[in-house]
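Indexing begins at 1, ligand by ligand and atom by atom, following the structure's order.
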Amino acid sequence: MGTTWSASVVDPPADAEMTIRAKLDMVIAQMSNWDADSVISRFNRQPIGAWMTLPVEMMTVLRTGMDISRLSGGAFDPALGQLVGQWGFGPHVANEAPACGSAATSVEVGDHGARRLADVALDFSGIAKGFAVDAVADALRALGAANFLVEIGGELRGAGVKPDIQPWWVDMETPPGMALPPMRVALSGLAIATSGDYRRFHMAAGKRLSHSIDPGTGAPIQNGVACVTVLHDSAMMADAWATAITVAGPGKGLSLAREHGLAARMIVRTDNGPREHLTPALEMMLA
Ligand code: ADP
Ligand code: MG
């Protein structure tokens, strides 16, 4: 899905690497928009109104995506695939402005499947990496591994400690060129995800076009947010919230984070340089 992974496993069980690869293959086979035969790609080609049975993992991601969409007032939208394509960030370049409609009204989720109610396309790129990190972590634990750090495209989850009994220390990502003091967190039983405007963006007419799209305007965000980092028990939740808060922006995004007790950091580009905001839950963790 256009990203890389790595894992550090202390005393790795014999089939650790094979198990990790199998989990990642499963996520790609279900949720990659880059693979025309994946379940998500087939779902997106289903006739409008037709139900399709979906694998349990995909149902989990879809339900969580719909929940975060609702909780974020639509800032997160797992059904904005066509907009992503229109702005050139997905596998398909759409030329005409897509029919808009939020996930809340354009996708119906049943017990074992879902259907499109309008011509929208699911895109799990803002949540699937986190889900994959959790899936890999759960699989490693099931094999008996207790101490590891798993990373996919900048989303990480740590369990236990390093061989030297130190926790898995991780520095929060900072946009390149920003002189901010490093912020180090210990990832023991915790996941971290960062959504940023510097990993993937296009330049157009001298302006940075973020790959975070505001479903409200149908265009890349222009709210000054350079990045949002979220710490959470679940990498999937950290990933989705980081995207949601980024899109919701400095005002609404930070109040959402506070309201949901999230440990989050936001860096905003201002005329006077970068401004950093920490939620109370994060400040407590750092204290
Ligand atoms: P990264 O970790 O790479 O910075 P994110 O987790 O924020 O990325 O995911 C960005 C991707 O999510 C985009 O490339 C796009 O496919 C999708 N996306 C963009 N805007 C939204 C949104 N408002 N809600 C859900 N997904 C989005
Ligand atoms: Mg995300």
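Residue contacts with ligand 1 leave out Gly154, since none of its heavy atoms falls under 4.0 Å from the ligand. Under the 4.0 angstrom criterion for non-hydrogen atoms, Thr194 is in contact with ligand 1.
Hydrophobic cluster of Trp168: the remaining members, joined at side-chain heavy-atom separations below 4.5 Å, are Val10, Leu149, Leu156, Val170, Met172, Met183, Val185, Leu187, Leu190, Ile192, Leu231, Leu278, Leu282, Met285, Leu286, listed by chain and number.
Taking the charged nitrogens against the carboxylate oxygens, Arg184 and Asp171 do have a contact shorter than 4.0 Å, which makes a salt bridge. Salt bridge annotation for Asp37-Arg42: absent, with no cationic side-chain nitrogen under 4.0 angstrom from a carboxylate oxygen.
Under a 4.0 Å criterion applied to the non-hydrogen atoms of Val84, ligand 1 contributes the atoms 15 (C), 16 (O). Those atoms of ligand 1 that come under 4.0 Å of a heavy atom in Asp77, given as number and element, are 22 (C), 24 (N), 25 (C), 26 (N). Per-residue contacts place Thr243 under 4.0 angstrom from the following atoms of ligand 1 (heavy atoms of the residue considered): 5 (P), 6 (O), 7 (O), 9 (O). Ligand-side atoms of ligand 1 in range of Ser195: 4 (O), 5 (P), 7 (O), range being under 4.0 angstrom from any heavy atom. Every atom of ligand 1 with a heavy atom of Gly196 under 4.0 Å away is listed here by number and element: 4 (O). Near Pro215, meaning under 4.0 Å from one of its heavy atoms, ligand 1 places the atoms 23 (N). For ligand 1, the atoms sitting less than 4.0 Å from at least one non-hydrogen atom of Ser212 are 19 (C), 20 (N), numbered in the order shown with element in parentheses.
In this structure, Leu71 and His260 approach most closely via the heavy-atom pair CD2-CE1, 3.9 Å.
Although no hydrogens or angles enter the test, the distance criterion places a donor-acceptor pair under 3.5 Å between the side chain of Gln82 and the main chain of Asp119. Between the side chain of Asn44 and the main chain of Ala121, no donor-acceptor pair closer than 3.5 Å is present. Remark: the backbone N or O of Trp51 is not paired with any side-chain donor or acceptor of Arg116 at under 3.5 angstrom. Side chain of Thr60 to backbone of Val56: a donor-acceptor contact under 3.5 angstrom is found.
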Open item on the list: Quick one, Thr243 with Thr246, criterion side chain to side chain donor-acceptor pair (under 3.5 Å). Give me CA distance, side-chain angles, the key distance, then yes/no.
Closed with: CA-CA 5 Å; Thr243 305; Thr246 298; over 6 Å; no
TODO: Could you give me the CA-CA distance, side-chain angles and deciding distance for Ile245 and Val230, then say whether side-chain contact (heavy atoms from CB on, under 4.5 Å) is met?
DONE: CA-CA 9 Å; Ile245 295 165; Val230 175; 4.0 Å; yes
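Cluster membership for Val27 and Trp5, using ILVMFWY side-chain heavy atoms within less than 4.5 angstrom, is not shared.
For atom 13 (C) of ligand 1, the nearest non-hydrogen atom from the set His211, Glu155, Met1 comes from His211. Proximity annotation for atom 22 (C) of ligand 1: of Asp239, Leu80, Asn33, Leu80 comes nearest, heavy atoms only.
At a 3.5 angstrom cut-off on N or O pairs, Pro78 does not count as close to ligand 1. Polar contact check, Ala75 against ligand 1: a nitrogen or oxygen pair lies under 3.5 Å apart.
Counted by atom type alone, Thr270 and Asn272 present zero donor-acceptor pairs between their side chains at under 3.5 Å.
Distances shorter than 2.8 Å separate the Mg ion (ligand 2) from the protein N/O/S atoms Gly126 O, Asp239 O, Asp239 OD1, Thr243 OG1.
Aromatic ring centroids of His211 and Trp87 lie 6.0 Å or more apart.
Contacts between Val247 and ligand 1, counted as non-hydrogen atom pairs separated by less than 4.0 Å, involve the side chain only.
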